[in-house]
Q: 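I have a structure I would like to understand better, so I am pasting it below and will then ask my questions one at a time.
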Amino acid sequence: MPEHPAHVAPRGPRRIAHVLVDSPLPQLDRLFDYVVPPELADEAAPGVRVKVPLRSAGRVIQGFIVALGEEADEERALSEIDTVVSAAAVLPDRLYRLARAVADRAAGSANDVLRLAVPRRMVRAEKAWLAQTTSASAEEAPMEASSLERARDILGEYPGLDDALEASGRVALDARPGVSGSVPAWASLLAAAAVARLARGESAVIAVPDHRDLARLEAALAELAPAESVVRLDAELPAQERYANYLRTLDEAPVIAIGNRSVVYAPVTRLGLLALWDDGDSLFDEPLAPYVHARDAALVRQSLEGGALVFCGHSRSSDVQRLVEIGFLTEPAPARRVTPKIVLGAPQDTPATGRIPSAAFRSAREAIASGPVLVQVARPGYAPTLVCGECRAPARCAHCGGPLFAPARGATPTCAWCARDARGWQCSQCEATTVRLASSGSERTADELGRAFAGVRVVVADGAHPVETVDGSPALVIATRGAEPVAEGGYRAVLLLDGDRMLQAPDLRIGESCLRWWSNAAALAAPGAPVHLVAVTGPVARALATWSQPAYARGELLERAPLKMPPAVRIARIEGDAPQVDEALVRLGADAPRLAPDAVIGPVPAPEVSGRKRARALVRFEYALGPAVAASLRASVVAAAVSSRARRVRGPAEPGRSRPPANTLSVRLDVADPEL
DNA sequence: AGCACGCCGACT
DNA sequence: GTCGGCGTGCTC
């Protein structure tokens, strides 16, 4: 029994709150302990927002109580919690653990992950939620027996899938091509999987790349799931609704949460299914720190919370294929293989009009009598690139040197950078004054085909003019890749036009991307409708023609392994003040001695920031070394942030100019384009 | 980020 | 003998 001085009243153990403070500083990315004062004891529960004193960032800072504890009174000096912001427990323990694990994997801060997961607080929505949870909580939405039966029918197309899902399996699922009504088959499949989990009282989370896919998934769920159980979580929602929906996922009653990349963090209760549609889409690549791809976040989450994990697509990303090959994912096969009818243009097939071979043209002409025909092109606009009419050099803006394009038929060339029109243009190479259209955009294709198919309705769909669906009546639908509308009953013919141009992009993954774009467009065809891939030969064309996307992904992986390119290995990029980059590499050598001798590329000089010499390096590492590499790089980031007095050197040098990054060392894991 | 602590030069 | 420069380190 410890002695107490007479003037201090002996007290029992005190309540302690472990608090995650909301600060961007990497050195504060850990839990801080505070005393819970007796008057806050009722409200200070795990998950609530609090304000706490911290010797920085003003006097008080926002944070979340992550957990509570007790300890003897006199062990150490602690500050008290200042305020409980609201009694709403909006950060459940499972979400904190997920954020922590995802941040650790990416050498980032838990706060940065939580910023993606927890929408901005809206007091009105929060009050409504608090009132509702206390009165009518945990009421389960009734599920119609016929819906569940339909869901089971759909899942039955893949013998073994239901078992795999029940056993919290992890699967790579090749979606059946086709549409029923205006709903693509993939959307019905994922909706059915979600409904099957919901029927067992478990939640589902489904992430899709963009809002058009979200609308399709929503349509599929409308046919199968109780409306009260489907919760949209995406950035397009009004702030109040978004926060209300977030709070809804915290309820005891299971939900189907759908949205774009960050929905993978939705903190639903009893996660039974976590699914990604079309994981090869670059929209799943998170552009905010710590830059974690939704696929990786999903992998981390499934390892923590269990439940089934599904990567579904018409094509196979090399990343998912890697997981298949190491035995992490299984591939449930469909009972009946359904493939679109792909027609590769014969080399001797001469174009009847413009860039369309005669066979494809005939095919379109026959099909258009009975319904819509899809024409996929690479780029929007009229003529996206212009060249000199004489010497064929790219036409450049006289003012800024930017590339010129033609906004419409016969229009004056315009600069793509500065938007000036190039009246009186003259070639800088040969002084000619005429330009030539070097490429066709969707508008020009629509123009040309509209004349060839006189009297037919023409629909143009691209990023700027999105079209969700078209009906089943005859129409020419010209769409840029990725923007294809769904046609009711499927397209009667599909023409994939600019394949050769698309394949030429200087991108490590261009083959994979093209196969994805083409497969997704082909999947919109009606059963038996011809899909013409024009002017492309080689492995990607063969993979499409034989509908063997997994085999193509496998080939990609085999090619990249000896080159040490992702996803065969992981790659980290380190950038910062030259001495700190050097220091980080030294530390890495000590922390991860099993790194290959050629793991580090660089460092090379990077552009100076306010007069400081900067450097950049890449590190290639095996997946097994991930934890060691991430921890080491994180330690370097913290060390650099703590010791950095660089910003003081800056002083009065530049008044209002853009300030250099707060951290003098920045680290990014799993870079998509491994360029120094 | 901010703010306190601490160890050398100029001061009433 | 004291005030205050900013370099260094930490934040419950």
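Lettering follows sequence order; numbering is per chain, from 1. Just so it is clear, the model here is predicted, and its values are computed rather than measured.
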Q: Between dC12(C) atom C1' and Asp22(A) atom CG, what is the distance in whole Å?
A: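 In whole Å, dC12(C) C1' and Asp22(A) CG are 16 Å from each other.
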Q: Mind calculating the distance between CZ (Arg76(A)) and C1' (dT11(C)) to the nearest angstrom?
A: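 Distance check: Arg76(A) CZ to dT11(C) C1' gives 14 Å.
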Q: Could you tell me the separation between the CG atom of Leu54(A) and the C1' atom of dC10(C), rounded to a whole number of Å?
A: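 It is 10 Å, rounded to the nearest whole Å.
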Q: How would you list, by chain and number, every residue that makes a side-chain hydrogen bond (donor to acceptor under 3.5 Å, both in side chains) with Tyr243(A), sequence neighbours excluded?
A: Arg49(A), Glu126(A)
Q: Could you state the atom-to-atom distance from NZ of Lys51(A) to P of dC12(C) in whole Å?
A: 17 Å
Q: Just the rounded figure in Å: distance from P of dA1(B) to CD of Gln62(A).
A: 20 Å
Q: What residues form a side-chain hydrogen bond (donor to acceptor under 3.5 Å, both in side chains) with Asp33(A), not counting sequence neighbours?
A: His18(A), Arg76(A)
Q: Just jot down the salt bridge (charged side-chain N to carboxylate O under 4.0 Å, His left out) partners of Lys613(A), sequence neighbours excluded, or say none.
A: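 Residues passing salt bridge (charged side-chain N to carboxylate O under 4.0 Å, His left out) with Lys613(A): Glu608(A).
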Q: Test of understanding: with side-chain contact (heavy atoms from CB on, under 4.5 Å), list the residues that count as partners of Leu237(A), not counting sequence neighbours.
A: Arg232(A), Asp234(A), Glu241(A), Arg242(A), Asn245(A)
Q: Holding to side-chain contact (heavy atoms from CB on, under 4.5 Å), I want the full list of residues that pass it with Ala275(A), two or more places apart in sequence or in another chain.
A: Leu190(A), Ile206(A), Leu273(A), Val310(A)
Q: Just the rounded figure in Å: distance from C1' of dT11(C) to CG of Leu78(A).
A: 13 Å
Q: Using a 4.0 Å cut-off on heavy atoms, which residues in residues 84-97 of chain A reach DNA chain C? List them by number, or say none.
A: none
Q: Using whole Å, report how far OH of Tyr34(A) lies from C1' of dT11(C).
A: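 Answer to the nearest Å: 8 Å.
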Q: Answer yes when Arg270(A) and Glu202(A) have at least one side-chain N-carboxylate O distance shorter than 4.0 Å, and no when they do not.
A: no
Q: Take atom CG of Leu31(A) and atom P of dC12(C), then tell me their distance rounded to the nearest Å.
A: 14 Å
